[in-house]
Amino acid sequence: MSHGALVVIDAANVVGSVPDGWWRDRAGATAALRDRLDPVVLHRLVGGANPPELVLVVEGRARGVTSTDRVRVVAASGSGDDTVVALVAAEDAGRDRVVVTADRELIRRVQAVGARVLGPRSVRNNQQLPDHNVNHP
């Protein structure tokens, strides 16, 4: 199946956008985010003829989070922001590229290479399942 938009999600920024105890288990909170992302739901959000390709960029203590059938996870070897920009810049400029973050500097950088930006709330509010609170198993 061909993919629609490339949606690159700044995991640290999205996970950190809600003070729900994520700092106690960064990898667990990131895995929970990954598991809630749904290409069909995000397709409605970003539009296009085909479902988007979802890429979750992880860094730091969340580097051990792995890919699933629905979400490709990319572990940043250095800066997560640099990895997000590199992924967007490497993609064909004719493909719709969307970055999910609230980081102002990252927004400036990805818009400079042609990406659209959505805030963390748009993704958190359009997920398949309710938010996972890492304080309660």
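Just so it is clear, the structure is predicted and the values come from calculations on it, not from any experiment. Position 1 is the first residue of the sequence; numbering continues from there.
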**Q** Roughly how far, to the nearest 0.5 Å, is CG of L106 from CG of N13?
**A** 7.5 Å
**Q** For P39 versus P52, what's the shortest heavy-atom pair and its separation?
**A**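 That would be O-CD, 3.4 Å.
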**Q** What distance do T30 atom OG1 and L56 atom CG have between them, rounded to the nearest 0.5 Å?
**A** 7.0 Å
**Q** Return the OG to CG distance between S67 and L54, rounded to the nearest 0.5 Å.
**A** 11.0 Å
**Q** Are the charged groups of R95 and E53 less than 4.0 angstrom apart, N to O?
**A** yes
**Q** By side chain to side chain contact (heavy atoms under 4.5 Å, CB included), which residues pair with T68, not counting sequence neighbours?
**A**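 Partners of T68 by the side chain to side chain contact (heavy atoms under 4.5 Å, CB included) criterion, ordered by chain and then number, come out as R34, D35, R70, V71.
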**Q** Hydrophobic clusters here meaning ILVMFWY residues chained together by side-chain heavy-atom distances under 4.5 Å, can you tell me if V110 and V7 are in one?
**A** no
**Q** Hey, could you give me the CZ/CG distance between R109 and D103, rounded to the nearest 0.5 Å?
**A**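 Those atoms lie 9.0 Å apart.
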**Q** Check V73, L37, V58, V55 against I9 for a side chain to side chain contact (heavy atoms under 4.5 Å, CB included) and give me the one that passes.
**A**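 The side chain to side chain contact (heavy atoms under 4.5 Å, CB included) with I9 is passed solely by L37 among V73, L37, V58, V55.
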**Q** Report yes or no: do V74 and L33 belong to one cluster of Ile/Leu/Val/Met/Phe/Trp/Tyr joined by side chain heavy-atom distances under 4.5 Å?
**A**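 Cluster IDs for V74 and L33 differ.
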**Q** If Ile, Leu, Val, Met, Phe, Trp and Tyr residues are connected whenever their side-chain heavy atoms lie under 4.5 Å apart, and connections chain through other members, are L42 and V8 in the same group?
**A** no
**Q** Considering only NZ, NE, NH1 and NH2 on the basic side and carboxylate oxygens on the acidic side, decide whether D96 and R116 come within less than 4.0 Å.
**A**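 The answer is yes: the pair qualifies as a salt bridge.
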**Q** Shortest non-hydrogen contact from A29 to W22?
**A**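 So the minimum-distance heavy-atom pair works out to CB-CB, 3.7 Å.
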**Q** To check you understand the geometry: which heavy-atom pair defines the closest contact between G119 and V100, and what is its length?
**A** O-CG1, 3.8 Å
**Q** Return the CG to CZ distance between L87 and R72, rounded to the nearest 0.5 Å.
**A**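 If I round to the nearest 0.5 Å, the distance is 6.0 Å.
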**Q** Which atom names give the shortest non-hydrogen contact between A115 and V99, and what distance separates them?
**A** CB-CG2, 4.1 Å
**Q** With T101, which of I107, V14, L118 fulfils side chain to side chain contact (heavy atoms under 4.5 Å, CB included)?
**A**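 The residue from I107, V14, L118 that satisfies side chain to side chain contact (heavy atoms under 4.5 Å, CB included) with T101 turns out to be I107.
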**Q** From L45 CG over to D38 CG, what is the distance, rounded to the nearest 0.5 angstrom?
**A** 11.5 Å
**Q** Under a 4.0 Å N-O cut-off, is there an ion pair linking R61 with D25?
**A**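 No, R61 and D25 are not salt-bridged.
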**Q** Measure from the side-chain N and O atoms of R97 to the backbone N and O of V88, and report whether any donor-acceptor pair falls under 3.5 Å.
**A** yes
**Q** Using the rule given for side chain to side chain contact (heavy atoms under 4.5 Å, CB included), can you reason through D81 versus E105, listing the C-alpha separation, both sets of side-chain angles and the distance that settles it, and then say yes or no?
**A** CA-CA 9 Å; D81 290 1; E105 178 60 18; 5.7 Å; no
**Q** If you look at every heavy atom in E59 and A12, which pair is closest and at what distance?
**A** OE2-CB, 3.7 Å
